[in-house]
Amino acid sequence: MEIESNWINGLIGGILIGISATILLVFNGRIAGISGMINGALEFATSQIWRWYFLGGMLIGGLIYEYLLPLPNTPRYNLDLMAMIMGGFLVGFGTRMGNGCTSGHGVCGLGRLSVRSLTAVISFLASGMVTVYILKHMIG
């Protein structure tokens with residue numbers, strides 16, 4: 001599997017994510033950690049309606065990027081559905097264990113100079129490097 005890399009799109013996406021997280025924090029005092037946002041949205045309380053708006057905006061933004069803008073389409077891979085479901089479950093489980101997801105700790109936590117988020121990001125990166133090394137060099 002070869003993944004195409006376009007650093008300009010990544011840079012623009014990172015800037016937009018940082019701006020949106022900053023706007024949410026500055027104007028609403030809320031942290032834009034997506035796992036926490038989904039967890040709060042599933043409480044279905046009227047005080048949590050803003051979470052549904054934020055999540056809906058993310059979904060609409062992705063659809064606009066994919067189908068309406070003249071930009072390169074998202075690469076598609078033929079991945080095993082069960083592996084994707086298991087991966088999603090493990091990510092959700094790890095997110096609850098880690099008190100946040102990678103984006104929440106990386107974008108929002110580091111932006112707030114959180115030591116807990118710095119520790120989490122270091123462990124995410126180290127785990128990813130070890131996993132890639134094992135998969136690429138030891139398993140094949």
Query raised in the report: For the atom pair CD1 (I139) and OG1 (T131), what is the distance rounded to the nearest 0.5 Å?
Result: 9.5 Å
Query raised in the report: Using the ring of each side chain (for Trp, its six-membered ring), is Y133 parallel, tilted or perpendicular to H137, with breaks at 30° and 60°?
Result: tilted
Query raised in the report: Distance from L24 atom CG to R51 atom CZ, nearest 0.5 Å?
Result: 9.0 Å
Query raised in the report: Are M129 and L135 connected in a single hydrophobic cluster, I mean Ile/Leu/Val/Met/Phe/Trp/Tyr linked by side-chain heavy atoms less than 4.5 Å apart?
Result: no
**Report entry** Nearest-0.5 Å distance, CD1 of residue I60 to CG of residue L55
**Finding:** 11.0 Å
Requested in this report: May I ask whether I31 and I19 are part of the same hydrophobic cluster, defined by side-chain heavy atoms of I, L, V, M, F, W, Y residues being less than 4.5 angstrom apart, directly or through others?
Outcome: no
Query raised in the report: Rounded to the nearest 0.5 Å, what separation is found between the CD1 atom of I85 and the CG atom of D80?
Result: 9.0 Å
Query raised in the report: Is I23 reachable from I15 through a run of hydrophobic residues whose side-chain heavy atoms are each under 4.5 Å from the next?
Result: yes
Query - Minimum side-chain heavy-atom gap L25-R30 below 4.5 Å - result: no
**Report entry** Taking every non-hydrogen atom, the tightest pair across A32 and F54
**Finding:** CB-CZ, 4.0 Å
Query raised in the report: Should L118 and L125 be counted in the same cluster of Ile, Leu, Val, Met, Phe, Trp and Tyr side chains packed under 4.5 Å apart?
Result: yes
Report task. Check the hydrophobic clustering (I, L, V, M, F, W, Y; side-chain heavy atoms under 4.5 Å; chains of links allowed) and say if Y53 and L59 are grouped together. Result -> no
Requested in this report: Give, for atom CH2 of W7 and atom CD1 of I12, the distance between the pair rounded to the nearest 0.5 Å.
Outcome: 9.0 Å
Query raised in the report: Do you know which two heavy atoms are closest between S117 and H105, and how far apart they sit?
Result: OG-ND1, 2.8 Å
Query raised in the report: At what distance, to the nearest 0.5 angstrom, does CD1 of I34 lie from CG of N39?
Result: 12.5 Å
Report summary line: Taking every heavy atom of G33 against every heavy atom of C108, the minimum-distance pair comes out as N-SG, 4.0 Å
Query - Any pair counted as ring-ring contact (aromatic ring centres under 6.0 Å, His included), so long as it reaches residues 17-48, sequence neighbours left out - result: F44-W52
Query - V121 side chain near L110 side chain, heavy-atom distance below 4.5 Å - result: yes
Query raised in the report: Are any non-hydrogen side-chain atoms of W50 and M37 less than 4.5 angstrom apart?
Result: yes
